[in-house]
**Student:** 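Following this message is one structure expressed as structure tokens.
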Number of protein chains: 2
Amino acid sequence: MTSPAAFAATAVLLADPARAAMLTALLSGEALTAGELARVAGIGAPAASAHLGRLVEGGLIAVHPQGRHRYHRLASEEVAAMLETLGGLTEAVSPARRWPHGEAFRTARLCYDHLAGRLGVALHAGLTGRSWIAPTAGGWVVTAAGEVGLAAMGVDLDAARAARRFACDCMDWSERRAHLAGGLGREIAACCLRRHWLTRIPAEREGDPLARRRLRLTPEGARRLGEALGIAA
Amino acid sequence: MTSPAAFAATAVLLADPARAAMLTALLSGEALTAGELARVAGIGAPAASAHLGRLVEGGLIAVHPQGRHRYHRLASEEVAAMLETLGGLTEAVSPARRWPHGEAFRTARLCYDHLAGRLGVALHAGLTGRSWIAPTAGGWVVTAAGEVGLAAMGVDLDAARAARRFACDCMDWSERRAHLAGGLGREIAACCLRRHWLTRIPAEREGDPLARRRLRLTPEGARRLGEALGIAA
DNA sequence: CCTGTCCTTCGCCCGGCGGCGAAGCGCCGA
DNA sequence: TCGGCGCTTCGCCGCCGGGCGAAGGACAGG
């Protein structure tokens, strides 16, 4: 545990509407430029620059300069997990202030680089229920059965193992249950998108910080995931 | 998901050192008076009163007046889960600022009203691994085997079922895995404390916001939990 | 009823933070 | 080499929030 002061220092970064909008937008897993983030937050370039500087300083986001552009993304899956949980808390504390697109959002969405929502939780339950993954200290490992099953699905397990964390839990705010994060969660999501089992739902209006996080399960995807892991649409 | 503005409004409440100290102290599950919380936060009574008013207003804590005293406690387990996760984020983002008592803290501690740390995660793994609990929409239910096993341990399942949530996951920041919250988590912790399988470790110095959250497994507890659920000390 | 205690409300000051416009810097393309 | 563009830095202002001291209710005990 960190000291309460350090605790608060991190929370300060989340406590501004403009920064919250930026972080929410980055929760799609994409890297966005400073200008895009300024538009999402509804502020000018100077203010956005100051906010981004503080977020980088605080270790919440990382910068990747490319020519004239500076791309920003969340620094780690820990940050994504934090944002998910804080969203859930806000939901629990003031349910009246719900986001209009909330319901569709609960079905299937991206949480940084892995799957969340009812689909993400069902995936987690399917993997543990069929013993494709087994608990270990600080996370999960793949069993022999899981090795076969995931490879058959087309998941790149080597890429997953190259990640800093292979597999760990991430709290799902809408389901109040854990879904799967880490390299394995990322590769499963990538596999589903690559094979068009899942598709992104395009944004309806400019500047929606939740845009591009929404996902839709295709008929093909429903069939394949149902066969492999017993996941119902 | 809530709107980023609402999101930030909640985060503001966590973003002050004094409020963070208060919330950290309340994470022991105890109800504390305004005066005690003022001392924990290192501020005067007027400032503490203002902070507590905002925390109540924001739905993070609840008040129980008793005579001249006003007892404050965390409003819900959602709040506790949030604080756990935010603590983990801070840990991940700035490991250098670690709390001195961190290591002992990771072994076994209270998270609001249930068990956390390595012990809490091992409990969760034991319950799922032996299929004493099974996943359901938004949480967990007890299986027939679990009904028998938990009753034999002395857990009051009726009391657990009376809670708003019977069993759900709560992210453990130190293990990066879920531990068990909800009525069942609370009753299991209560059972372990009642039967002296776990004991609280007294605070070393006044005003430590982490005091009374630390737990120690007794030899008896290690034996009983090992027999019932395969949990190693 | 009076006193002490606990807590809140009020009034005040100050520091910090968020916003913008203007100017400066760096990179791309012609 | 020279605009154009993206982003940052600088200077400035306004405001909100946190702190305290003093005063004002509420409650227990004699």
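The sequence lines fix the lettering, A, B, ..., with proteins before strands; numbering per chain opens at 1.
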**Student:** In whole angstrom, give the distance that lies between atom NE2 of B:His69 and atom P of C:dT5.
**Tutor:** 12 Å

**Student:** Nearest to the side chain of A:Thr33, which nucleotide is it out of D:dC7, D:dC20, C:dG21?
**Tutor:**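 In terms of side-chain proximity for A:Thr33, the closest of D:dC7, D:dC20, C:dG21 is D:dC7.
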
**Student:** In the 5'-to-3' direction, what one-character label does each nucleotide of nucleotides 24-30 of chain D receive under the scheme B = base within less than 4.0 Å of a protein heavy atom, S = sugar-phosphate only, - = no such atom?
**Tutor:** ---BS--

**Student:** Whole-Å distance between C:dG19 P and A:Leu52 CG?
**Tutor:** 12 Å

**Student:** Under 3.5 Å between N/O atoms: give me all the protein pairs with nucleotides 11-13 of chain C, atom names plus distance.
**Tutor:**
none

**Student:** Who passes ring pair (Phe, Tyr, Trp, His ring centres under 6.0 Å) against B:His179, sequence neighbours left out?
**Tutor:** B:His114

**Student:** Between A:Arg165 and A:Ala181, is there a donor-acceptor pair closer than 3.5 Å when you use the side chain of the first and the backbone of the second?
**Tutor:** no

**Student:** I'd like to know if the side chain of A:His72 and the backbone of A:Arg70 have a donor-acceptor N/O pair within less than 3.5 Å.
**Tutor:**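 Looks like yes, one N/O pair under 3.5 Å.
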
**Student:** Within this structure, what is the CG-to-P distance between B:Leu32 and C:dC7, rounded to whole angstrom?
**Tutor:** 11 Å

**Student:** Starting at CG of A:Leu55 and ending at C1' of D:dC7, how long is that distance when rounded to a whole Å?
**Tutor:**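 The distance from CG of A:Leu55 to C1' of D:dC7 comes to 16 Å, rounded to the nearest Å.
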
**Student:** Give the minimum heavy-atom separation between B:Leu225 and B:Met153, together with the two atoms involved.
**Tutor:** CD2-CE, 4.0 Å

**Student:** Taking any heavy-atom pair under 4.0 Å as a contact, classify B:Ala34: base, sugar-phosphate, or nothing.
**Tutor:**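 If one applies the 4.0 Å heavy-atom cut-off, B:Ala34 turns out to touch the sugar-phosphate alone, with no base involved.
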
**Student:** Using atom OH of B:Tyr71 as one end and atom P of C:dT8 as the other, report the distance to the nearest whole Å.
**Tutor:** 14 Å

**Student:** The criterion is salt bridge (Lys or Arg N to Asp or Glu O under 4.0 Å); which residues satisfy it with B:Glu30, sequence neighbours excluded?
**Tutor:** B:Arg212

**Student:** Please examine the side chains of A:Leu110 and A:Leu27, heavy atoms only from C-beta on, and report whether any two atoms are closer than 4.5 Å.
**Tutor:**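 A:Leu27 does not reach A:Leu110 side chain to side chain.
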
**Student:** Do any N or O atoms from the side chain of B:Arg177 and from the backbone of B:Asp172 form a donor-acceptor pair under 3.5 angstrom?
**Tutor:** no

**Student:** Which nucleotides of nucleotides 11-19 of chain D have their base under 4.0 Å from a protein heavy atom (B), which only their sugar-phosphate (S), and which neither (-), written as one string 5' to 3'?
**Tutor:** ------SSS

**Student:** Looking only at heavy atoms, what is the nearest atom pair of B:Ala20 and B:Leu14, with distance?
**Tutor:** CB-O, 4.1 Å

**Student:** Quick check: closest heavy atoms across B:Cys111 and B:Glu84, and the distance to 0.1 Å?
**Tutor:** SG-CG, 3.1 Å

**Student:** Check whether any side-chain nitrogen or oxygen of B:Arg70 sits under 4.0 Å from OP1 or OP2 of C:dT8, and answer yes or no.
**Tutor:**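 True: B:Arg70 side-chain N/O within range (under 4.0 Å) of C:dT8 OP1/OP2.
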
**Student:** Calculate, to the nearest 0.5 Å, the distance between atoms CG and CG belonging to A:Leu83 and A:Leu60 respectively.
**Tutor:** 7.5 Å

**Student:** Of the non-hydrogen atoms in B:Gly221 and B:Leu217, which two are nearest, and what is the gap between them?
**Tutor:** C-CD1, 4.1 Å

**Student:** So, the side chain of B:Thr85 versus the backbone of B:Ala81: is there a donor-acceptor pair under 3.5 Å, distance only?
**Tutor:**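 Here the side-chain-to-backbone pair exists.
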
**Student:** Over the length of the helix from C:dC1-D:dG30 to C:dA30-D:dT1, how much do the five-pair end axes diverge, rounded to 10 degrees?
**Tutor:**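 The two end axes of the helix from C:dC1-D:dG30 to C:dA30-D:dT1 meet at 30°.
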
**Student:** Where is the tightest heavy-atom contact between B:Cys168 and B:Gly182, given as atom of each residue plus distance?
**Tutor:** SG-N, 4.3 Å

**Student:** Run the numbers on B:Arg109 and B:Glu175 for salt bridge (charged side-chain N to carboxylate O under 4.0 Å, His left out), then give the verdict.
**Tutor:** CA-CA 12 Å; B:Arg109 66 177 183 278; B:Glu175 295 301 296; over 6 Å; no

**Student:** Tell me: CZ of B:Arg39 to P of C:dT5, nearest whole Å?
**Tutor:** 13 Å

**Student:** Taking CG from A:Leu13 and C1' from C:dC17, how many angstroms apart are they, rounded to a whole number?
**Tutor:** 13 Å

